[in-house]
Amino acid sequence: MENKVITVTSPLLPSLDDFIPYLQDIWNRKWLTNNGHYHQELEKALCEYLKVPYISLFTNGTLPLMCALQALRITGEVITTPYSFVATTHSLWWNGIKPVFVDIDPDTCNIDPDKIEAAITPKTTAIMPVHVYGKPCDTERIQEIADKYGLKVIYDAAHAFGVEINGRSILNAGDMSTLSFHATKVYNTIEGGALICHDEKIKRRIDYLKNFGFAGETEIVAPGINGKVDEIRAAYGLLNLKQVDSAIEARRQTAIKYRKVLKDVEGISFMEDMPGVRHNYSYFPIFVDTEKYGMTRDELYFKMKEQNVLGRRYFYPLISEFSTYRGLESAKLENLLVSHKVADSVICLPMYHTLSEEEINRVIKCIVDE
Ligand SMILES: *Cc1c(COP(=O)(O)O)cnc(C)c1O
């Protein structure tokens with residue numbers, strides 16, 4: 001038992017007994033996709049839960065990024081962060097947009113607002129920040145810059161499901177925000193995602209875009225794509241929504257236990273909660289200071305692995321290091337010193353709602369024991 005593998009994440013699953021009646025109903029209705037009954041129910045339920053005015057469901061978290069850029073007709077250059085999952089930058093590439101990387105703030109791991117203005121050129125049309133680990137970006141500063149230069153802001157909020165500041169959703173910041181409901185995220189529909197906007201007309205356009213551009217039986221108004229969610233995933237999503245609060249609370253308890261022990265470990269740092277923020281505890285990153293800790297990040301990562309404790313070096317390597325992007329001027333090391341430092345020191349510890357006390361202690365033991 002001692003050596004059972006502890007994975008970095010584990011999906012939130014609805015009970016099969018609860019799911020079967022939904023399946024029965026879907027079989028009876030014989031309406032499987034294209035804005036069906038459960039699709040509509042889930043959009044309504046998510047608007048309410050997330051405190052957002054309009055949401056469009058998608059089959060994953062990458063398509064809403066691509067469709068947001070299409071809906072807002074973004075072209076030229078977009079300012080973004082190298083410290084994210086590749087899908088953020090890939091969405092730009094698929095739209096023929098040049099990504100311009102800006103370094104991050106070491107305290108939040110989010111794009112550093114102080115460095116955005118220097119990266120703006122006449123070709124810049126938008127900023128695409130990421131709420132990394134669900135920690136809110138400085139949305140006010142970013143909006144000020146966007147307003148000053150007439151730029152759009154699209155947040156990749158894939159990590160930020162349910163995150164609020166003073167009771168208000170951070171998903172309402174900027175022009176649009178995108179979510180991922182992938183199996184590894186806090187809330188999942190197996191594969192899935194969503195695009196959040198503030199305007200009924202834009203919501204309609206997004207819904208055209210995710211259905212090939214169909215605006216009626218014979219009318220195509222845009223070169224759309226297929227991002228439509230089926231009834232089975234929508235029903236699954238409705239059930240998972242009912243238990244996401246208790247899952248987040250279980251994650252919070254785990255974070256408290258990790259912090260309690262790790263605060264006394266020389267050379268290991270982690271993120272604290274921010275005042276007024278409802279966090280979702282989607283990840284628990286630690287940062288290894290090689291000199292103070294006496295071991296490199298990779299040494300610790302592989303030591304954990306030997307003991308069947310699977311962390312994840314997330315985000316490493318930086319997006320700017322991948323072959324598609326490393327030739328860009330903004331991908332140069334000198335431009336991204338903080339991002340490199342963080343990427344070389346991070347390990348995300350196992351974090352999920354069913355992590356047991358014993359498992360938490362095994363994770364901690366790997367880090368604390370010499
Ligand atoms: C998961 C994730 C995505 C992509 O979501 P998929 O649902 O896997 O397509 C995009 N951006 C970030 C930051 C993510 O973590």
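Remember, predicted model here, so these are calculated numbers, not experimental data. Order of appearance sets the numbers: ligands from 1, and atoms from 1 within every ligand. All residue numbers in this chain count up from 1 along the given sequence.
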Participant: Heavy atoms, side chains only, cut-off 4.5 Å: are Tyr155 and Val153 in contact?
Facilitator: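 Contact flag for Tyr155/Val153 side chains = yes.
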
Participant: Identify the closest protein heavy atom to atom 6 (P) of ligand 1: which residue and atom is it, and at what distance?
Facilitator: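 Looking only at protein heavy atoms, the one closest to atom 6 (P) of ligand 1 is Gly61 N, 3.4 Å.
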
Participant: For atom 10 (C) of ligand 1, grab the closest protein heavy atom and report residue, atom and distance to one decimal in Å.
Facilitator: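 Atom 10 (C) of ligand 1 sits closest to the protein heavy atom Asp156 OD2, 3.5 Å.
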
Participant: Do the ring planes of Tyr258 and Phe284 sit parallel (below 30°), tilted (30 to 60°) or perpendicular (above 60°)?
Facilitator: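 Rings of Tyr258 and Phe284: tilted, as their planes differ by 30° to 60°.
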
Participant: Starting from atom 1 (C) of ligand 1, find the nearest protein heavy-atom neighbour and note its residue, name and distance.
Facilitator: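 Closest protein heavy atom to atom 1 (C) of ligand 1: Lys185 NZ, 1.7 Å.
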
Participant: Using a strict cut-off of 4.0 Å, indicate which atoms of ligand 1 neighbour a heavy atom of Ser84.
Facilitator: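 Counting from 1, the qualifying ligand atoms are 13 (C).
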
Participant: Could you list which atoms of ligand 1 come closer than 4.0 Å to a heavy atom of Gly192?
Facilitator: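 Near Gly192, the atoms of ligand 1 are 7 (O).
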
Participant: Does Lys185 count as lying over the ring of Phe161, i.e. NZ or CZ under 6.0 Å from the six-ring centre, within 45 degrees of the axis?
Facilitator: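 No.
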
Participant: Among Tyr83, Tyr325, Phe85, find the residue that satisfies the side chain to side chain contact (heavy atoms under 4.5 Å, CB included) test when tested with Ile319.
Facilitator: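 Among the candidates, only Tyr325 passes.
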
Participant: Note the single closest protein heavy atom to atom 3 (C) of ligand 1, along with its residue, its atom name and the distance in Å.
Facilitator: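 Ranking protein heavy atoms by distance from atom 3 (C) of ligand 1, first comes Phe85 CD2, 3.7 Å.
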
Participant: How long is the span from the CD atom in Glu43 to the CG atom in Leu57, to the nearest 0.5 Å?
Facilitator: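 The CG atom of Leu57 is 4.0 Å from CD of Glu43, to the nearest 0.5 Å.
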
Participant: Can you tell me which residue and heavy atom of the protein come closest to atom 5 (O) of ligand 1, and the distance to 0.1 Å?
Facilitator: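 Ranking protein heavy atoms by distance from atom 5 (O) of ligand 1, first comes Ser180 OG, 3.2 Å.
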
Participant: Could Arg313 and Tyr301 be counted as a cation-pi pair, given that NZ or CZ must be under 6.0 Å from the ring centre and within 45° of the axis?
Facilitator: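 So Arg313 does make the cation-pi contact.
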
Participant: What atoms of ligand 1 come within less than 4.0 Å of a heavy atom belonging to Thr62?
Facilitator: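 Those qualifying, in numeric order: 4 (C), 6 (P), 9 (O).
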
Participant: I want to check a possible cation-pi pair here: Arg297 against Phe302, using under 6.0 Å from ring centre and within 45° of the ring axis as the test.
Facilitator: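 No, a cation-pi geometry is absent between Arg297 and Phe302.
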
Participant: Among all protein non-hydrogen atoms, which one is nearest to atom 12 (C) of ligand 1, and what is the separation to 0.1 Å?
Facilitator: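 Heavy-atom neighbour on the protein nearest atom 12 (C) of ligand 1: Ala158 CB, 3.4 Å.
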
Participant: Step by step, would you call Glu231 with Thr33 a side chain to side chain donor-acceptor pair (under 3.5 Å)?
Facilitator: CA-CA 6 Å; Glu231 287 292 277; Thr33 186; over 6 Å; no

Participant: Considering only non-hydrogen protein atoms, determine which one is nearest to atom 15 (O) of ligand 1 and report residue, atom name and distance to 0.1 Å.
Facilitator: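 Looking only at protein heavy atoms, the one closest to atom 15 (O) of ligand 1 is His159 NE2, 2.8 Å.
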
Participant: Within a distance under 4.0 Å of any heavy atom of Ala87, pick out the atoms of ligand 1 and give their elements.
Facilitator: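 Checking each atom against Ala87, I get 4 (C), 10 (C).
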
Participant: Is there any N or O on Tyr314 that sits under 3.5 Å from an N or O of ligand 1?
Facilitator: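 Yes, there is a polar N/O contact under 3.5 Å.
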
